[in-house]
Student: 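To start, I am sharing the structure in question, which I have written as C-alpha cells.
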Amino acid sequence: MIKNIEENFDIAVVGAGHAGCEAALASARLGLKTVMFTVSVDNIAMMPCNPNIGGSSKGHLVCELDALGGEMGKNIDKEFIQTKMLNVSKGPAVHSLRAQADKQGYVREMRKTVENTPNLTIKQAEVAEIVTDISSDGKKKVKAVKTVSGATYYCKKAVLCTGVYLNARCIYGEVSENTGPNGLKAANSLTASLIDIGLPVRRFKTGTPARVDGRTVDFSKMEEQKGDEFIRPFSFSNEPEDLERDQISCYLTYTNKETHRIIRDNISRSPLFSGEIKGVGPRYCPSIEDKVVKFPDKERHQIFVEPEGLYTNEVYLSGMSSSMPEDVQYAMIRTMPGFEHADIVRNAYAIEYDCIDATCLKATLESKDISGLYAAGQINGSSGYEEAAVQGLMAGINASLSVLGKKEVILDRSQAYIGVLIDDLVTKESTEPYRMMTSRSEYRLLLRQDNADLRLREIGHDIGLVSDEEYEKFLLKKRQTEAEIVRIKNKIAGSNPRINEFLARHGSAELSDSHGVSFANLIKRPELNYDMLSEIDEDRPELSWRVREQVNIQIKYEGYIEKQMHEVERFKKTEGRLIPESIDYNNIEGLRLEARQKLSRIRPANVGQASRISGVSPADISVLLIYLEQIKNDPVRK
C-alpha cells in the first residue's frame, strides 16, 4: 500500500522567485513554521530576464522593501557589479538607484540566506492543488497544498508566488516549447485547481532578449557606460565604504535602418503578429519588432549591453526583447555597431503564462473569497523582480500576522510606492502586465527612495522584521536630521565680505540686508545646497551622508513638501470613509449600471478605493457618499 507524505506547516509558499523568497523569509523570521516550494532549488531567486535590480521607480520599491525588513536590497548590495543613480539631472523624487547584478552570485547568496533561515523548509516539488475547506461562517478557507506526487502539506495560510510558470509556453518564430523561463520545467497542473476554487484566471505574455557571447562583440564601437564613483547602498543597513569594489562597465549601441528593414521584411514570421501568441504583453516593455511597427519614423532605438555576471561572457541586450525566428535574430543583431560577428548564446523568446485578475484580492493580498489564500508577484498580473518582491513581502507579512492574531498591514498610496502598486493591482482592472512607474504616484515628492526608512522603518520594527539595532540606527538619523534642520533655520548669514565672496564665487546673489538671511533660505537657492555651505558654517556638526542628504532635500523642497502634505490630508479623509462589507450596491438608487457592476465585483474597502475603479464616475461617488451618510445611523439598511 502506497502512503503519501503528509506534513503540517503554518505557512506554505508556492514558488521561490523574488516574491516567494520574500514571503517565506518574512513568515519564517516572524517565527512561523514555513515551507517554500520550487521547481528547481538550484534556481531560487533566479533572474531570468534583465541582470539588474532597481531602476526608475523600481529602486524606490527596493528601498521601501529594505526599510520594512525585506532581503532584496541586502542581497543586491552583496552581488552588484555596477551601480548607478538614474535621473540625477532631475529632482530627488525621481532619482532611482539601479545596480547590475552578478546573476549567479545573486542566486547563490539568496539561496544561502533562505537555506539558513530558522523555521524555513525548502521543497523541490510542483504544487498541483490548493485544498480548501469550509469555515464556520460558510466561507472557503485554505486547508493544504498538494504536490503532483500526492504529498499533502497542511497549512493555515498559503501564498501563491508562481511567477510566469503556470502553463508556461516559450515561443520564438515557429518554435514553441511548453517550458518556463530558461528552459525550466513549467507548472502545468495548478491552473485547473485555481479555476476550480473560483479564482479568475487569464493569460499574459512577456519576453526577453537574446544573450550574446561577449567574446564575439567589439565593445570599442559602443559608448561605454561606467558606474558611479559614489556607491550608494540599496539597504539602509549598509554604508558606501562597506561596498567598495571594482565595477564592470555596460555599453550603449543602437539599432539602425538596416535592423528595421530586416524586422519589417520578416514581420509575418513573428508569432506576435501572426496570431500565434494569444497572451497580452506589457505596453511599457515592448519587443523590438513592436517598436519598429509602432514607431516607423524612428530611425534607431537604444540598446544597452549589460554583462550577466563576473564569471560568464554572456551579455544581455536590454531593449531588444523579441520573439522573431532564430535566423532573423542573428540577422538583425549583426546590423548593430559592435555586433557584426556576434554569436547568440541564448535566443530571445516570448513567454505566455497564466495569472489571475488581482481585483479578486483584498489590499492585504488575501483572496476576498478564499480565506487564508494570498497571491503575490506575476501571478497578480504585475511584471518585474522588484514589483514581485514587495508583493511577496507584504503577502508574507499579512499571512503571518493573521496566523498570529495580529492586525494585518496595509500601506496606502500616500505612504509608499508599495501602497500604490498594490492598490492599483487590486482596484484597477489591468489588461496587461503592470509595471511600476514614478508617474503612477500622486505623492511622489513625499515617496522618495532616500526617505523610505523615515516612512517605513518604524512599521518594519513594529512588525518584527527590523532588529532593535537597525531601529536605533534609524532613530539616530531621524533625531540628527530634525535637530540640524532646526539649527540651519535659526542660523543667520550676515552680509559680510567673506559670505558675499562665497556667494559670488558660486554665482549666487550677494547679501545686502544688514539683518542677513537664514542658512535655510540660502539652501533654497537653486545654485546652492547644504554641503556647499559647510565652507561658511563653522558650527556644523559631523553628520552622516544620509543625514546631510535629508537636511538638504527637506529644506530645499519645503514648500512643495508642505503642499503635498495638505493633499495627503484630503486623501486620508476619503480613505477613512469605510464601506460596509455587506453593502448591496443594487439597492443604491442613482448609481449607474456599470458602477453597480464594478463596485459589486471589486467590493472596495473605502470610498477612496471606490473612486479609483475604472467605470465609477465622480457622480457615482457622490451618490455613494449620500447613501453611506443615510445608513450611518440606520444599520438595518446596511
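FYI, the numbering just counts along the sequence from 1.
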Student: Spell out, as yes or no, whether a donor-acceptor pair under 3.5 Å connects the side chain of Arg245 to the backbone of Phe80.
Tutor: yes

Student: For the residue pair Arg169 and Ser176, confirm or rule out a side-chain donor-acceptor distance under 3.5 Å.
Tutor: yes

Student: Would you call Asp213-Arg346 a salt bridge at under 4.0 Å N-O?
Tutor: no

Student: Start with the C-alpha distance between Ser249 and Gln82, add both sets of side-chain angles, then the distance that settles side-chain hydrogen bond (donor to acceptor under 3.5 Å, both in side chains), and finish with yes or no.
Tutor: CA-CA 7 Å; Ser249 291; Gln82 188 197 91; 5.1 Å; no

Student: Strictly by modelled atom types, are Asp42 and Ser40 linked by a side-chain donor-acceptor pair under 3.5 Å?
Tutor: no

Student: Can you list the residues that meet the side chain to side chain contact (heavy atoms under 4.5 Å, CB included) rule with Ile536, with sequence neighbours excluded?
Tutor: Arg498, Ile499, Phe502, Phe519, Leu533

Student: So that I can tick it off, tell me whether Arg548 and Glu542 are bridged by a salt bridge, with the cut-off set at under 4.0 angstrom between side-chain N and carboxylate O.
Tutor: no

Student: Compare all side-chain heavy atoms of Met110 with those of Glu71 and state whether any distance is below 4.5 angstrom.
Tutor: yes

Student: Let me know which of Gln329, Met324, Met332 forms a side-chain contact (heavy atoms from CB on, under 4.5 Å) with Asn266.
Tutor: Met324

Student: Does a salt bridge link Lys221 with Glu340, judged by any charged N lying under 4.0 Å from a carboxylate O?
Tutor: yes

Student: Verify the distance criterion only: is there a donor paired with an acceptor across the side chains of Gln124 and Thr38 at less than 3.5 Å?
Tutor: no

Student: Backbone N or O of Asp531 within a donor-acceptor pair of the Ser534 side chain at under 3.5 Å?
Tutor: yes

Student: Before accepting this row, confirm whether a basic side-chain N of the pair Glu258/Arg261 lies closer than 4.0 Å to the acidic partner's carboxylate O.
Tutor: yes

Student: Identify whether the distance between the nearest side-chain nitrogen and carboxylate oxygen of Lys112 and Glu109 falls below 4.0 Å.
Tutor: yes

Student: Just checking, any donor-acceptor pair under 3.5 angstrom between side chains of Ser235 and Asp77?
Tutor: no

Student: Flag the pair Lys103 and Glu79 as a salt bridge only when some basic side-chain nitrogen lies within less than 4.0 angstrom of an acidic carboxylate oxygen.
Tutor: no

Student: Output yes when Lys473 and Glu239 qualify as a salt bridge under the 4.0 Å nitrogen-oxygen rule, no when they do not.
Tutor: yes

Student: Would you say the side-chain atoms of Gln564 pair up with the backbone N or O of Glu442, donor to acceptor, closer than 3.5 Å?
Tutor: yes

Student: Please say which of Leu252, Thr259, Ile333, Leu317 ends up in a side-chain contact (heavy atoms from CB on, under 4.5 Å) with Ile303.
Tutor: Leu317

Student: Taking the cut-offs as 6.0 angstrom to the six-membered ring centre and 45 degrees off its axis, would you call Arg444 and Tyr417 a cation-pi pair?
Tutor: no

Student: Is the backbone of Leu522 close enough, under 3.5 Å, to the side chain of Arg525 for a donor and an acceptor to pair up by distance?
Tutor: no

Student: Once you measure the plane-to-plane angle for His18 and Tyr385, does it fall in the parallel (<30°), tilted (30-60°) or perpendicular (>60°) bin?
Tutor: tilted

Student: Decide yes or no for Trp545 and Phe230: does some side-chain heavy atom of the first lie under 4.5 Å from some side-chain heavy atom of the second?
Tutor: yes

Student: State the CD-CE distance between Gln302 and Met320, to the nearest 0.5 angstrom.
Tutor: 13.5 Å

Student: Hey, are Asp343 and Arg334 close enough for a salt bridge, meaning a charged N less than 4.0 Å from a carboxylate O?
Tutor: yes

Student: Once rounded to the nearest 0.5 Å, what's the spacing between atom CD1 of Ile263 and atom OG1 of Thr335?
Tutor: 7.5 Å

Student: Measure the shortest side-chain to side-chain distance between Gln550 and Asp450 over non-hydrogen atoms and say whether it is less than 4.5 angstrom.
Tutor: yes

Student: To the nearest 0.5 Å, what is the distance between SG (Cys63) and CG (Leu68)?
Tutor: 11.5 Å

Student: Using side-chain contact (heavy atoms from CB on, under 4.5 Å) as the criterion, point out the one residue from His341, Met222, Met336 that pairs with Val217.
Tutor: Met222

Student: Any carboxylate oxygen within less than 4.0 angstrom of a Lys/Arg side-chain nitrogen, looking at Asp354 and Arg202?
Tutor: no

Student: Can you pull out every ring-ring contact (aromatic ring centres under 6.0 Å, His included) where at least one residue sits in residues 231-270? Sequence neighbours excluded, please.
Tutor: Phe219-Tyr251, His260-His301

Student: Kindly determine whether Glu314 and Arg215 satisfy salt bridge (charged side-chain N to carboxylate O under 4.0 Å, His left out), including the steps that lead there.
Tutor: CA-CA 9 Å; Glu314 284 185 87; Arg215 296 172 301 174; over 6 Å; no

Student: Output yes when Glu174 and Arg269 qualify as a salt bridge under the 4.0 Å nitrogen-oxygen rule, no when they do not.
Tutor: yes

Student: Is the backbone of Thr162 close enough, under 3.5 Å, to the side chain of Gln378 for a donor and an acceptor to pair up by distance?
Tutor: no

